[in-house]
Amino acid sequence: MNNKMPVTSFGWAIKQRLVELRLDQKTFCETHNIPPSGLSNLIHGTRKAQRYRKQVAAILNIDDNDYKEAPHSKPNKHSSYI
């Protein structure tokens, strides 16, 4: 079973902008003192990560207001997949 969370639309915007700047996630995080887990939380929507959301949006010149989305819900371990 794949437990990876899908990438949110804000996450895709981050990834796209990093590609345009020819930066990988690790280098971006090291350069701007953002923990890799914080960036991952933003990309996958696993946590709000508000502390870094505005910072990342400003650095990458992404309009944060265009990407207001509900967080992913984790599947219930007791639910059955049909």
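- Distance CZ/Arg51 to CG/Asn41: 12.5 Å, rounded to 0.5 Å.
- The structure places OG1 of Thr31 at 11.0 Å from CG of Leu21, a figure rounded to the nearest 0.5 Å.
- Under the 4.5 Å side-chain criterion, counting only non-hydrogen atoms from C-beta, Trp12 is not in contact with Ile43.
- Taking OG of Ser40 as the start and CZ of Arg47 as the end, the distance is 10.5 Å to the nearest 0.5 Å.
- Contact check for Asp64 versus Val56: no side-chain heavy atoms found under the 4.5 Å cut-off.
- Side chain of Thr27 to main chain of Leu23: no donor-acceptor pair is present (N/O by atom type, distance under 3.5 Å, no hydrogens or angles).
- Scanning both residues, Gln55 and His32, for their nearest heavy atoms gives NE2-O, 3.3 Å.
- Summarising the geometry of Ala49 relative to Gly38, their closest heavy-atom pair is CB-O, 4.0 Å, with the distance given to 0.1 Å.
- Here the CZ atom belonging to Phe10 is positioned 8.0 Å from the CG atom belonging to Leu60, to the nearest 0.5 angstrom.
- No side-chain donor-acceptor contact under 3.5 Å links Thr8 to the backbone of His44.
- In this structure, Ile34 CD1 and Cys29 SG are separated by 6.0 Å, a value rounded to the nearest 0.5 Å.
- Side-chain contact between Ile62 and Ile14 is present, with at least one heavy-atom pair separated by less than 4.5 Å.
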